[in-house]
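Comments concern the structure below.
Both ligands and their constituent atoms are indexed starting at 1 by order of listing. Each residue takes its place number in the sequence, starting with 1.
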Amino acid sequence: MFQPSPWRADFPAIAALQRQQQTYLDSAATTQKPQALLDAIAHYYSHGAANVHRAQHLPGAMATQAFEGSREKIAQWLNAPSPSQIIFTHGATSALNLLAYGLENEFRPGDEIAISALEHHANLLPWQQLAQRRGVKLVILPLTAGGMIDLDSAAALIGPRTRLLAVSQLSNVLGTWQPLDSLLAMARAQDALTVVDGAQGVVHGRHDVQQLDCDFYVFSSHKLYGPDGLGALYGSCRGLGRLQHWQFGGEMVHTADYHVASFHPAPLGFEAGTPPIASVIGLSASLDYLGGLDTKAVLAHEAALHRQLLRGLHDREGVRVVGDPQAALASFTVDGVHNADLAHLLTDQGIAVRAGHHCAMPLLKRLGLQGAIRVSLALYNDSDDLQRFFEALDKALEMLR
Ligand code: PMP
């Protein structure tokens, strides 16, 4: 049965892609943007750009108001207690690097940082490098066969030496929601800091950082239908209180002399230099747009498409879905077929999907895979997109087998 997307027309790029015979199924990498975002950025640039916080003049005041308004909107989106707990970064990756440098003094040799076996490189490498700098042990929490962090193993591995736990909310390879409530409770019981990589999770449904009770939550704007070059870091009061300043320059300074300086607290103290102002304003428009949608209807639409995707993959001989995806995406391999060859033939037919290691090389290695094809969904996709994907897949497999 045809499953239309009532929101498709709000995304001009989808029609443009369709005119180029492209079916976009790579939204876990980045999303297309609503018209509301394009309008907001065009309005900002066509009505007078100005730097934020520093200027006395009217354009500066207007830009600052819009910029700080966006911070407030993000705080509301995540149900953060205060906008001052939202730090703008350049993306989830830069937020995680900020944490790995800003928390460096928390660690002594022999301490442990726990992450899971499924983490994106962005939530692995900053901790791996910190562990090397400080003589800290990086503990890898294993997974269940379905692709969830295994809670029994986690209970055995998270202990008094654990100073920090950093885990994904929704896996970008496996499409599995992680059991954050239980995991974070284990870390809290050891008084360890907790970091949630919400890069994928934030896109699907609404999430409440107070309910999660994490110390830090990071996401990238471009995956949440917002502009690129922008991300956000939420910090609890306890977490922010432990964070040392990391990058230095304009905006973050309270007073400066040649040999000494003092710095603002969060958020400005962690936003050195001119921030991506237009992107911040654009994200605000995207959140307004998303906030006006019926979240339940969006989730139901995405769930129906996800079921169609899984059914289609499971129905095809030799196709192996990786893990047991619960939402938004599915990765798969095909017996006897190299994923790069298959990806090539899909690309030739205008199907935009991802192939490779999905920035999670250790996970793919652990699963014994050289790579996998990932199909990922967004609210603007419809069942015809999947139909076109499956037709292209069948044709490609016919050629390859
Ligand atoms: N974590 C996860 C789970 C991701 O999927 C991604 C992006 N693929 C990131 C972190 C990093 O996001 P960005 O590249 O926008 O910084």
Side-chain angles (χ1 to χ4, degrees), residues 24-33 74 78 87-101 115-129 140-141 143 147-149 165-180 183 194-205 207 212 214 216-234 246-247 270 275-276 279-280 282-283 286 322-323 325-331 352-364 367 371-378:
Y24 192 74
L25 291 166
D26 193 19
S27 293
T30 201
T31 49
Q32 304 304 325
K33 314 306 172 196
I74 294 166
L78 298 176
I87 296 169
F88 288 120
T89 67
H90 293 289
T93 303
S94 81
L96 290 161
N97 276 281
L98 190 167
L99 290 177
Y101 281 95
I115 63 167
S116 85
L118 57 70
E119 299 308 319
H120 187 282
H121 294 161
N123 195 32
L124 156 64
L125 301 181
W127 308 119
Q128 177 198 85
Q129 296 299 307
I140 312 297
L141 305 178
L143 309 178
M148 313 268 288
I149 300 170
L165 169 76
V167 281
S168 280
Q169 187 175 27
L170 175 64
S171 163
N172 67 310
V173 179
L174 304 166
T176 42
W177 291 103
Q178 299 308 314
L180 291 185
L183 286 166
T194 54
V195 178
V196 175
D197 174 359
Q200 297 294 338
V202 76
V203 188
H204 305 284
H207 305 284
L212 269 176
C214 53
F216 298 102
Y217 185 93
V218 309
F219 74 90
S220 286
S221 151
H222 70 95
K223 293 188 200 279
L224 186 56
Y225 306 99
D228 44 31
L230 174 66
L233 165 64
Y234 156 79
W246 174 44
Q247 289 185 320
F270 296 90
S279 292
V280 168
L283 176 60
S286 295
V322 185
Q326 298 161 357
L329 59 89
S331 298
V353 291
R354 256 315 147 99
H357 51 66
H358 312 293
C359 297
M361 274 191 208
L363 169 63
L364 278 263
L367 295 170
I373 308 253
R374 183 185 70 189
V375 179
S376 56
L377 303 164

**Message:** Going by the rule salt bridge (Lys or Arg N to Asp or Glu O under 4.0 Å), which residues pair with D228 if we only count those two or more places apart in sequence or in a different chain?
**Reply:**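 Residues passing salt bridge (Lys or Arg N to Asp or Glu O under 4.0 Å) with D228: none at all.
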Could you list each N/O atom of ligand 1 together with any protein N/O atom closer than 3.5 Å, one pair per line with the distance?
| from | atom 1 | to | atom 2 | distance (Å) |
| --- | --- | --- | --- | --- |
| ligand 1 | 1 (N) | D197 | OD1 | 3.2 |
| ligand 1 | 1 (N) | D197 | OD2 | 2.6 |
| ligand 1 | 5 (O) | Q200 | NE2 | 2.7 |
| ligand 1 | 8 (N) | H120 | NE2 | 3.1 |
| ligand 1 | 8 (N) | K223 | NZ | 2.8 |
| ligand 1 | 15 (O) | S220 | OG | 2.6 |
| ligand 1 | 15 (O) | H222 | NE2 | 2.7 |
| ligand 1 | 16 (O) | A92 | N | 3.4 |
| ligand 1 | 16 (O) | T93 | N | 2.9 |
| ligand 1 | 16 (O) | T93 | OG1 | 2.6 |

**Message:** Going by the rule side chain to side chain contact (heavy atoms under 4.5 Å, CB included), which residues pair with A378 if we only count those two or more places apart in sequence or in a different chain?
**Reply:** S27, Y225, Y380, N381
**Item:** Non-neighbouring partners of P276 that pass side chain to side chain contact (heavy atoms under 4.5 Å, CB included), sequence neighbours left out
**Value:**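 For P276, the residues satisfying side chain to side chain contact (heavy atoms under 4.5 Å, CB included) (neighbours in sequence not counted) are H90, L230, S279.
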**Prompt:** Looking at CD1 of I140 and CG of L124, how far apart are the two atoms once the value is rounded to the nearest 0.5 Å?
**Reply:**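 Nearest 0.5 Å value for the CD1-CG distance: 6.5 Å.
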**Complete:** ring pair (Phe, Tyr, Trp, His ring centres under 6.0 Å) test vs H207 passes for just one of Y217, W177, F219, namely W177
**Prompt:** Is it true that the side chains of Q326 and T176 contain a donor and an acceptor less than 3.5 Å apart?
**Reply:** no
